[in-house]
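Working notes, beginning with the structure itself.
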Amino acid sequence: WDVSDLLCDRMVRSLSTATSSSNAALLALGAGAAVGLAWAIAKRWRTLRSVQHIPGPPHSFILGALPTMRASPSWFSERHRFVTKLHQDYGPVAKVVLPAGRGVAVYVYEPSQVLQSIFHNAKAFPQRPLGIMADLPNGLLALRDEAKWKAHRQAMVPALSTAALREYQPKIQRRAEELCHLLGQRADRGTTGAEVHKPMAAATLDVIGDVGFGTDLAALRDSEVGSSEYVDAGEDLMFGFIRSVMMPWPVARVVRALPHALLPGFRKRLERGKAKYTNLARTLYDREQAQKAGGGEAARHSFISALSRAHLPFEEARDEIITLLLAGHETTANTVCWALHLLAEHPEAQARVCKETEGVEPLGYDAAVKLTYTRCVFYEALRLYPTVPTVARHAAEPTELCGVQVPAGVTVVYGVAAAAKSPAEWGPDALDFRPDRHLDDAAGAPDTRWNPFGGGPRKCIGYKLAELEAVTFLATILRRFDVLPPGPEAGAHPPAEVTDITLGPKEGLRLRLRPRGVLV
């Protein structure tokens with residue numbers, strides 16, 4: 001679709017700027033469109049022919065497998081379940097033909113061996129697919145320019161080092177205490193419980209604002225009287241992005257070029273969220289530049305000072321700021337909420353966390369990293385509810401996965417959620433909550449059976465911060481409250497799952513929070 005994309009851009013530009021057109025120009029435009037269409041059809045045909053040996057659901061030339069996917073109630077909002085069902089029906093390697101312009105996705109599920117190929121073979125799987133990431137900020141998650149990506153990642157390393165985490169810990173602890181104060185006000189002594197997901201997302205966003213950018217986003221404070229504008233803007237951006245992904249690629253490009261008044265509702269939400277975070281990035285960037293120009297001393301460790309020392313222009317710094325704010329808070333908030341839900345259902349595990357954290361005051365960095373069982377709870381919640389249920393990579397060259405030849409040019413999608421619950425890897429109790437299975441992980445040995453943070457050179461750069469933050473929040477909450485499941489009148493329990501970018505509770509998460517020492 002490279003040629004057709006170019007022609008599509010030119011057509012949109014011409015239609016939006018031209019006031020008159022000659023017959024010759026129209027003929028040239030029509031001829032160019034015809035050539036582009038023929039090129040696109042030929043490329044589509046070659047791609048489908050190259051994967052005809054890979055099983056998968058029925059598909060058509062234009063719509064791909066979209067009708068089949070839409071027939072499944074879980075294909076969109078619970079894509080992790082859709083992928084699991086896909087492998088059950090078609091085996092460890094299965095294809096899904098996407099709508100025209102989106103190509104073909106080859107889903108792979110074969111834990112350890114394939115993980116090494118996808119995450120560590122940078123030649124065969126160098127980066128994420130362009131079409132999927134086109135609407136996201138061009139930061140570390142989406143940046144395809146290898147030289148820029150290496151420079152950006154190297155710039156961020158000091159801001160996420162052990163020394164930096166040690167410096168951040170008092171700020172993380174303070175935000176956890178603020179969350180507990182709010183939850184204490186909302187705790188319901190009845191059986192419906194308190195909603196914890198929204199304030200958790202606000203608190204983790206405040207952590208990133210504080211440790212990363214030296215600013216108070218006041219997200220938790222705003223959530224006391226309603227909701228945080230930045231949490232809402234992030235939801236708008238993610239909602240619009242995930243719906244744009246499912247549109248045929250040429251259609252998506254035309255939609256992006258439409259005047260604002262003609263944009264569909266999901267696209268307006270995406271643009272609104274992006275504008276909110278762009279304005280915030282401009283404020284943070286300009287403040288840092290003004291401080292530098294005035295001879296002020298930058299923070300020893302922070303995301304914004306790391307970006308400033310790398311001398312990134314605003315456009316590049318903006319994309320990293322937005323990426324760090326969005327990816328750095330929602331993932332942690334979701335996992336901590338799932339962990340609290342699991343602990344509410346398993347009081348014996350909750351008692352072990354309480355015993356481990358008893359008397360640990362203040363919860364400094366050295367104390368937090370010694371909370372081995374609490375960290376095991378974090379990993380087990382992450383296994384049963386993987387924050388990122390699938391990981392996609394562009395196949396730059398032909399390769400073999402699970403004994404099946406996969407051609408170059410397709411998108412290879414690894415099913416993290418499927419691997420995380422595989423009885424072949426985890427035993428017959430794979431679906432059970434058993435934190436002890438992660439004792440090696442908590443001691444520092446990485447588990448290659450599922451790699452929740454990815455692997456290889458593009459492994460999540462902030463996973464240690466996420467781990468520290470989650471352990472601190474869990475320990476702080478459980479030192480203040482006994483966490484109990486809500487009564488049946490509170491709604492669905494266990495809570496329904498939803499997958500936008502990350503896997504979170506669909507309608508929030510309600511829990512009964514009883515202050516420690518209070519008898520009922």
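Position 1 is the first residue of the sequence, and the numbers go up from there.
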task = Decide side-chain contact (heavy atoms from CB on, under 4.5 Å) for R166 and D366; before the verdict, give the C-alpha distance in whole Å, the side-chain angles of both, and the deciding distance to 0.1 Å.
result = CA-CA 8 Å; R166 189 180 294 276; D366 291 328; 2.9 Å; yes

Can you tell me how far the [atom1] atom of [X] sits from the [atom2] atom of [Y], to the nearest 0.5 Å?
X    : Y    : atom1 : atom2 : result
M200 : T335 : CE    : OG1   : 10.5 Å
E497 : L384 : CD    : CG    : 9.5 Å
L511 : H341 : CG    : NE2   : 8.5 Å
R269 : F241 : CZ    : CZ    : 14.5 Å
L484 : R514 : CG    : CZ    : 5.0 Å
T411 : H394 : OG1   : NE2   : 7.5 Å

inquiry  = Apply salt bridge (Lys or Arg N to Asp or Glu O under 4.0 Å) to residues E356 and K370 and explain how you reach the verdict.
reply    = CA-CA 9 Å; E356 182 177 65; K370 293 177 182 177; over 6 Å; no

Exercise: identify the closest heavy-atom pair between [X] and [Y]:
X    : Y    : answer
L509 : P495 : CD1-CG, 3.6 Å
L217 : D222 : O-OD2, 4.4 Å
P57  : T68  : CB-CG2, 3.8 Å
L205 : L325 : CD1-O, 3.9 Å
V388 : T390 : CG1-O, 3.1 Å
S302 : A159 : O-CB, 3.6 Å

inquiry  = Can you list everything that forms a side-chain contact (heavy atoms from CB on, under 4.5 Å) with A105? Sequence neighbours excluded, please.
reply    = L98, Y107, V413

Under 3.5 Å, side chain of [X] to main-chain N/O of [Y], donor-acceptor pair present?
X    : Y    : result
T283 : N279 : yes
D236 : L270 : no
E467 : R375 : no
T357 : C354 : yes
T332 : H329 : no
Q169 : L363 : yes
W338 : L503 : yes
Y230 : Y277 : no
R383 : A430 : yes
R516 : L478 : yes

ask   = Looking at V231, L179, T204, V207, which one forms a side chain to side chain contact (heavy atoms under 4.5 Å, CB included) with L220?
value = L179

message = My understanding is that only one of E271, E235, E229 makes a salt bridge (charged side-chain N to carboxylate O under 4.0 Å, His left out) with K276; could you say which?
response = E229

key: Test log, rule side-chain hydrogen bond (donor to acceptor under 3.5 Å, both in side chains), inputs Q185 and H181   = CA-CA 7 Å; Q185 295 176 333; H181 177 72; 3.3 Å; yes

Worked verdict on T476 versus E178 for side-chain contact (heavy atoms from CB on, under 4.5 Å) = CA-CA 10 Å; T476 304; E178 291 173 356; over 6 Å; no

Under the rule for ring pair (Phe, Tyr, Trp, His ring centres under 6.0 Å), what residues qualify as partners of [X], not counting sequence neighbours?
X    : answer
F473 : none
F453 : Y463
F378 : none
H346 : F433

inquiry  = Can you confirm whether L342 sits close enough to Y385 that some side-chain heavy atom of one is under 4.5 Å from a side-chain heavy atom of the other?
reply    = yes

ask   = Taking C-beta and beyond as the side chain, do V353 and L474 meet within less than 4.5 Å on heavy atoms?
value = no

key: Derivation of the salt bridge (Lys or Arg N to Asp or Glu O under 4.0 Å) call for D216 and R175   = CA-CA 11 Å; D216 183 6; R175 296 298 183 178; 3.4 Å; yes

key: Pair E320-H152, side-chain hydrogen bond (donor to acceptor under 3.5 Å, both in side chains): steps then yes or no   = CA-CA 8 Å; E320 293 298 354; H152 287 206; 2.7 Å; yes

query = For K268, which residues count as a salt bridge (charged side-chain N to carboxylate O under 4.0 Å, His left out) partner, sequence neighbours excluded?
reply = none

task = Check step by step if side-chain contact (heavy atoms from CB on, under 4.5 Å) holds for R221 and L182.
result = CA-CA 9 Å; R221 190 161 60 248; L182 176 61; over 6 Å; no

query = What orientation do H438 and W426 show, parallel under 30°, tilted 30 to 60°, or perpendicular over 60°?
reply = tilted

key: Verdict with reasoning, R437 to E380, per salt bridge (Lys or Arg N to Asp or Glu O under 4.0 Å)   = CA-CA 8 Å; R437 72 175 91 236; E380 184 71 341; 3.1 Å; yes

message = As a quick check of understanding, evaluate side-chain hydrogen bond (donor to acceptor under 3.5 Å, both in side chains) for E167 and Y365, giving each step before the final call.
response = CA-CA 8 Å; E167 187 176 304; Y365 176 82; over 6 Å; no

query = Does atom NZ of K171 have more than 12 heavy-atom neighbours from other groups under 6.0 Å away?
reply = yes

